[in-house]
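This report refers to the structure that appears directly beneath it.
Side chains are part of it too, since the values below use all heavy atoms of this structure and drop only hydrogens, waters and symmetry mates.
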Amino acid sequence: MTKTRKWPPQLGLAIALAVLMAGLAAARPGFITLGNLVNLVRQISINGILAVGVTYVLLTGGVDLSLGSLVALTGVIAATFAHPGEYAVVVPVSAGIAAGALCGAINGVLVTRGRMAPFVVTLGMMTSARGLALLASGGRPVSNLSTAFTRIGSGDFAGIPAPTWILLAVAAASHVFLRNMRMGRHVYAVGGNESAARASGVHVNKVKMVCYTVCGAMAGLAGVVLASRITTGQPNAGIGYELDAIAAVVIGGTSLNGGTGGVSGTILGALLIGVINNGLDLLNVSSYYQQVIKGVIIVGAVWLDRSKKS
Amino acid sequence: MTKTRKWPPQLGLAIALAVLMAGLAAARPGFITLGNLVNLVRQISINGILAVGVTYVLLTGGVDLSLGSLVALTGVIAATFAHPGEYAVVVPVSAGIAAGALCGAINGVLVTRGRMAPFVVTLGMMTSARGLALLASGGRPVSNLSTAFTRIGSGDFAGIPAPTWILLAVAAASHVFLRNMRMGRHVYAVGGNESAARASGVHVNKVKMVCYTVCGAMAGLAGVVLASRITTGQPNAGIGYELDAIAAVVIGGTSLNGGTGGVSGTILGALLIGVINNGLDLLNVSSYYQQVIKGVIIVGAVWLDRSKKS
Amino acid sequence: LLQACSSSGSAKKGPVIGVSLLNVSNEFIVMINQAMDAKAKELGVQIIVNDAQRSADRQVEQVESFIAQKVDAIILNPCEVEASSPAVDKAIAAGIPIVNVNSETRSTPTAFVGSRDEEAARIAMEYIAKRLNGKGNVTMMQGFMGQAGQIKRDTGAREVLAKNPGLKLIAQQTAEWDRAKAMSLMENWIQSYGARINAVFAQNDEMAMGALIALEQARLKDKVIVVGVDAIADALAAVRDGRLDATVFQDARGQGAAAVETAVRIVRKQPYEKSVMIPFQLVTRDNVAQFH
Amino acid sequence: MQPLLQLEGISKSFWGIRALDGAGLSVARGEVHALTGENGAGKSTLMKIVAGIERPDSGAIRFTGSAVAMIHQELLPFPEMTVAENICMGAEPANAFGWLDKSAMHHRAAELLARLGVDVMPGARMGDLSFAEQQSVEISKAVGQQADLLIMDEPTSALSDRECERLFRIIGDLKQRGVAVIYISHRMDEIFRLADTITVMRDGRPVATRPASGFDEATLISLMVGRDFDAALVRQPAQTGEVALEVRKLTREAKFRDITFTLRAGEILGLAGLIGAGRTEIASAIFGLDPAGSGDIVVRGRSVRIGSPADALAQGIAMVTEDRKRYGFVGDMGVRENVTLSSLRRYSAGGFVRRGAEDAAADEQIRALSIRAAGREQQVKYLSGGNQQKVVLARALLSDPAILILDEPTRGVDVGAKAEIYGLIARLARQGKAILLVSSEMNEILALSDRILVIREGAIAAEVTPSRTTPEEILSYAMPQ
Ligand SMILES: Nc1ncnc2c1ncn2[C@@H]1O[C@H](COP(=O)(O)OP(=O)(O)OP(=O)(O)O)[C@@H](O)[C@H]1O
Ligand SMILES: Nc1ncnc2c1ncn2[C@@H]1O[C@H](COP(=O)(O)OP(=O)(O)OP(=O)(O)O)[C@@H](O)[C@H]1O
Ligand SMILES: [Mg+2]
Ligand SMILES: [Mg+2]
């Protein structure tokens, strides 16, 4: 009969990214060195982890504004358990991730059982979690962390920074989960048409709970990595990170209405944002122009992606 | 056969607000004094104006993240024309509003003609406009403003602060526009079912253009009022204002998917946020607990609103 | 939790002072806050502390609320030079004494306790000039663009650069007061300039710490001088350990205590100084012990 | 005389998929022009082009009238707005400043609804109406638009005979006034009753256009399907077995009350009634989409609590819903993913989907129901209406239920496929499945059911046996007293 349309969904974005990188390499040979590429992948790690997490929530048609605050809260909690000579490094790491997952689960309960708009629920969590982070730390950075803990953020393996390995691991696992597992299919169904998913026997609330909890856990992981990288638990860390993470996902082609998109696009989106930040720093563009240009490039890249499609 | 459901949509929210205010009045008699009530309505003015503006955009199913940056940009622009003895006060005011409207229109064009997600477009504008505000001001506050200009933010009329009058005016006009004018109905239609609206002969792109432009103009108005109130055009003003404004709208019952809600809910939402901020300050709740409580109250109020409905 | 609830029930004993702080998730401001609490307890006055969360507009609102509550005095830790001025004007117009702490506003308050931010940057940059013998490549990490602190520290630093033509400002960029952003920025600078950078001036210690960690990880720290401002605990520890070259001590506790004391004196109609200047001090490994 | 509408050589492709291939059509004023043909033949696409919603790749459109109104196959409601606002959308009565005249809106809506004889309040919220009621509202909207060409894309797919009669009368009136109507339908009786001219489409172009008198049913069907075909329905009553489903005193306030019946394995029980009688509500309550307030549901002798469709599916109950766009499919997903959504567990191991098995199952269903798609990966939102319906049906069948609830199962399905589906339903009953059939098509329910319950205003008004009843008798029970 006729052929199925098989246009890779993020081709436009990948082209935009390639053009941008080629331009930067031409303008600044230092951009394409091994050292800087390692730099780049390290710098996108935290936003990447958050973006992978929030991809789950966005796919269901929800949103999570609490990410930035959760990064602060979980970072502070992890740091509290990470002083040298107190606990094995697994304790702070699990504490941070568990705290994030718990907050995510609370978001999930309020969205499903409470039948409230995800925007409102996670806005409340954003505010409350920030307060908790300040309370837990007394408003001051929690420092003096063990080297075992700080190595998470600063170490590397086979030349690639540890945070990047973590990002790769969660991205790969999420990709497989969303593409190949039954529950992953259900995530798309809930986001695509919630009533139809329910009528098909999908446990909509369970799916949403999983997504919000995973998103919270990823925020916890990001909080741990950040605290380890900057060697402190900062109660005022992560402000605005939620927007960067959501931006990466949306730039990567996942719809805010849910149901379409995926982790591969998210990684491209995070890379695009990372390349812009890194490239403009390398070019030493003045801060004022940097912001103007950054906005234009983001819109331009997405425009290219859109117009390639139709 | 079927009866019309005539439960006033924001009754739950109004009740939540009343309970909160009664509680505050009991805990702190100073809360209910004339002086503090005047304070309260003045304090919600800027967020209220922004929230009314973004109501238009949210009703179409879009979003506007650029509000905060536009407040800064338009404030700086207005301030540049507001030095004493240079221009009549109408010049800076119109310049600010026009600049906001222009930026809003650019958002609108990119969303309609460019067929890009409003999130991405307005995120780009958010970043770029902030850069422009810094460029236009050289990164420093624009001060030394004429008293005619600063009176907009500090003056009052019949005991009610001028910014509150401005909010009342735009809210009333918007309410009438959205409820009683053809174009207003079309705004709801576009948000409710865009393809149906198109099939019904509604000029979808035109409606969206109007909404984004009005939203930008309101941001300009808010920028003018803010600059006048703090007697400077501050290039770093308005950070995070977009979230507060959207929160007021969503708390007020307007769906992020568009098509339902309205200005009356928005005003209630802005009031709720204002009362929480003002009340917790009055109670001298420590800032950390204040944030925790604020998040809880927002979610609680919306929960009350939701559960009353079903 | 509800400090006021308990005390407002009982008969009002001492004067009430309203305090509006720049941002209590900032360690430096937290220290000012703690000093104020201690001093208030000592003097038997009640203080109401509001957090302006870096928004001048909120700050003006909070002062309006204090006026409506008829507090006896106001202490203002201004967010902005210009934008926080209406708060001062309104308090003065309402006949309530207002004391600015830590930084200035355009409008003149009843009294001022603090120091000049330009001074801190000047001290830091002069230290760099001295270490480099007036010759070398410098980078500067800016605070949040357009904020009073950033502008003033920028001004101070540039004065010293102008006096030392041998110092070249090869790059400057904002890291928005944030440690994580500063780390990324430093990493990018290392890619661009590598060992050509001789010194980094960060406009606060958070950013200095971020730059420091990035340089250490790139094994360049021994080639680059890093200086911050504020003397937060982390930075002092880093100076003590010989990692951070210097920071500039600003006496948060002294400022907080003096502000409350001045406000109480005004309320009690005792003599007070209109301007209490608390000097900055350079902290290096040599004198770090006295700052703990 | 110059025709009102003249189409020539219209072609349209979607991503390389040819929907229209040089289609031409000519419609005169005052003519009722029926358009029919297989699912996916391109009827809706052609009409969307006429209405200006899609742009053709090539071809010429000559329209000499002033306005076109269209009733869409997939409804286009504004669920959050009132019925009156829906009806007036795009043509609201307003003064020169754009100020709305709300009472005029209300009156216009009330009048149009009364003409169609639909019992819906102009102030009701559109989203609260049943699919059929929404369809009636959209018909009223189109009729009220004073167009000289009215396109009706399967307007009666969810209407029962009474509303259909009213609609036909309205069409007669419009014709008198010189309005041309293009009427798309898969129902032969309607086509022969209404049409002056009939065009049959196949594979994106008309294959025959003749005056209605030039066709008889058999030739029409063979032209549509492309082969000779016997559409007559004959079903031998099946052997019935154990009681599979028993419903006792099922009640929901203001919707239905005291619904009690039993359904045996191998039996097909029909639910007949007028729109709004509550049949869909009853079916949805049993399936757990919208659980009832009180009453018992007994499945194979055990009383069960069904709080959600997942519970129902776990009990072996599957349902094809009436509102396919809302409950039927996930538009962004492909045919494969939709078809297997309810039974994914069977095609997975250890939580992982086994793609090979899933692909095979999807292909099997595509073949069995002759779903016309560009492959199993084609997104369902881009399928034609009838093919979407087949996807929904396939999903329900694939879950291999013991009890199957079918609410308007052949809505929008072409005659050929309809006969296949009838055959399928009969075969399923023979295999021992218990089937609850809700249908507004009298022929369908009479031909397929073993027993028929007539629902009137939320209660069972009568039970009849198809072999010993007539459509008139059923209608007399269904009419509100
Ligand atoms: N937007 C679209 N994108 C891709 N393909 C489309 C789109 N719209 C229609 N098609 C395809 O065009 C063909 C014709 O569809 P159309 O809806 O016109 O059929 P139809 O004759 O109305 O069928 P039915 O009787 O089932 O309603 C189908 O193969 C369908 O899949
Ligand atoms: N989702 C809904 N929300 C509120 N009311 C509804 C909903 N669906 C249906 N109703 C109402 O329930 C009543 C019964 O409708 P139902 O759809 O069950 O009738 P029916 O007999 O199946 O007829 P048909 O399916 O042909 O419309 C109608 O008055 C309708 O307005
Ligand atoms: Mg069709
Ligand atoms: Mg029905």
Side-chain angles (χ1 to χ4, degrees), chain A residues 28 30-40 42-47 71-72 75 130-131 133-135 137-144 150 153-156 161 225-227 229-232 234-241 274 277-288 290-291, chain C residues 1 21 23-31 33-34 51 53-54 139 141-146 150 169-194 205-207 209-210 212-214 216-218 232-238 241 243:
Chain A
R28 190 97 196 168
F31 177 75
I32 215 75
T33 60
L34 181 69
N36 192 48
L37 293 180
V38 166
N39 225 357
L40 183 64
R42 181 170 41 217
Q43 287 173 8
I44 69 159
S45 305
I46 288 169
N47 186 35
V71 163
R130 177 71 60 191
L134 287 163
L135 274 175
S137 63
R140 332 172 115 217
V142 181
S143 52
N144 181 25
T150 56
S154 60
D156 59 39
V225 173
L226 180 67
R229 182 165 145 81
I230 64 175
T231 70
T232 38
Q234 288 278 13
N236 58 351
I239 293 171
Y241 280 22
N277 286 335
N278 174 278
L280 292 177
D281 273 358
L282 253 53
L283 291 176
N284 198 18
V285 177
S286 109
S287 316
Y288 307 161
Q290 195 164 28
Q291 299 201 49
Chain C
L1 161 59
L21 295 177
N23 182 7
V24 293
S25 53
N26 174 316
E27 184 174 5
F28 180 78
I29 307 295
V30 172
M31 291 199 282
N33 190 0
Q34 286 171 346
D51 179 6
Q53 295 173 358
R54 288 203 184 276
T139 64
M141 288 193 177
Q142 306 266 9
F144 205 102
M145 300 309 283
Q150 177 265 326
L169 185 66
I170 54 170
Q172 50 154 335
Q173 194 60 258
T174 179
E176 302 180 354
W177 307 121
D178 181 84
R179 194 181 291 202
K181 290 209 171 82
M183 252 182 103
S184 295
L185 178 58
M186 194 69 232
E187 287 165 352
N188 291 344
W189 276 346
I190 292 170
Q191 290 306 321
S192 278
Y193 306 104
D205 278 344
E206 283 295 341
M207 297 192 293
M209 291 303 293
L212 175 66
I213 298 166
E216 284 175 345
Q217 287 176 3
I232 63 171
D234 254 16
L236 287 175
D241 298 344
R243 298 166 59 213

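Per-residue heavy-atom pair counts under 4.5 Å with chain A were compared for C:Gly210, C:Ser184, C:Ala233, C:Gly194, and the maximum is reached by C:Ser184. The candidate with the highest count of non-hydrogen atom pairs below 4.5 Å against chain A, out of C:Gln142, C:Gln34, C:Met183, is C:Met183. No other option in A:Leu282, A:Thr33, A:Asn144 has as many heavy-atom pairs under 4.5 Å with chain C as A:Leu282. Per-residue heavy-atom pair counts under 4.5 Å with chain A were compared for C:Gln217, C:Gln191, C:Glu206, and the maximum is reached by C:Gln191. No other option in A:Asn236, A:Ile46, A:Asn39, A:Asn278 has as many heavy-atom pairs under 4.5 Å with chain C as A:Asn39.
Neither the backbone nor the side chain of C:Glu176 comes within less than 4.5 Å of any heavy atom in chain A. No part of A:Ser137 comes within reach of chain C, as not one of its non-hydrogen atoms sits under 4.5 angstrom from that chain. For a residue to count as touching a neighbouring chain, one of its non-hydrogen atoms must lie under 4.5 Å from one of that chain's; by this rule C:Gln172 touches chain A with the backbone only. Contact of C:Phe28 with chain A is not made at all, since no heavy-atom distance falls under 4.5 Å. With a 4.5 angstrom heavy-atom cutoff, C:Val30 touches chain A only via side-chain atoms. Only the side chain of A:Gln290 comes within contact range of chain C, with heavy atoms under 4.5 Å apart. Contacts between C:Ile213 and chain A at a heavy-atom distance below 4.5 Å involve the side chain alone, from C-beta outward. Contacts of A:Arg130 with chain C are absent, with no heavy-atom separation under 4.5 Å from either backbone or side chain. C:Met145 touches chain A through its side chain: at least one heavy atom from C-beta onward sits under 4.5 Å away, while N, CA, C and O do not. Only the side chain of A:Leu134 comes within less than 4.5 Å of a heavy atom in chain C; its backbone stays farther off. Neither the backbone nor the side chain of C:Ile190 comes within less than 4.5 Å of any heavy atom of chain A.
Minimum heavy-atom separation, A:Leu226 to A:Ala237: CD2-CB, 3.9 Å.
Rounding to the nearest 0.5 Å gives a distance of 9.0 Å between CG of A:Leu283 and CZ of A:Phe31. Note that NZ of C:Lys181 and CE of C:Met207 are 11.0 Å apart. Values are rounded to the nearest 0.5 Å.
A donor-acceptor distance shorter than 3.5 angstrom exists from the side chain of C:Asp205 to the backbone of C:Ile232, with no hydrogens or angles considered. Counting only distance, with no hydrogens or angles, the side chain of C:Asp178 and the backbone of C:Ala180 share a donor-acceptor pair below 3.5 Å.
In this structure, A:Thr231 and C:Arg179 have side chains that are in contact, with non-hydrogen atoms separated by less than 4.5 Å. Taking the side chain as every heavy atom from C-beta outward, C:Arg54 and C:Asn26 approach each other to under 4.5 Å.
No donor-acceptor contact under 3.5 angstrom links the side chains of C:Gln173 and C:Asn188, judged on distance only.
A salt bridge between A:Arg229 and C:Glu187 is present, with a side-chain N of the basic residue lying under 4.0 Å from a carboxylate O of the acidic one.
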Test log, rule side-chain contact (heavy atoms from CB on, under 4.5 Å), inputs C:Asn23 and C:Trp177: CA-CA 13 Å; C:Asn23 182 7; C:Trp177 307 121; over 6 Å; no
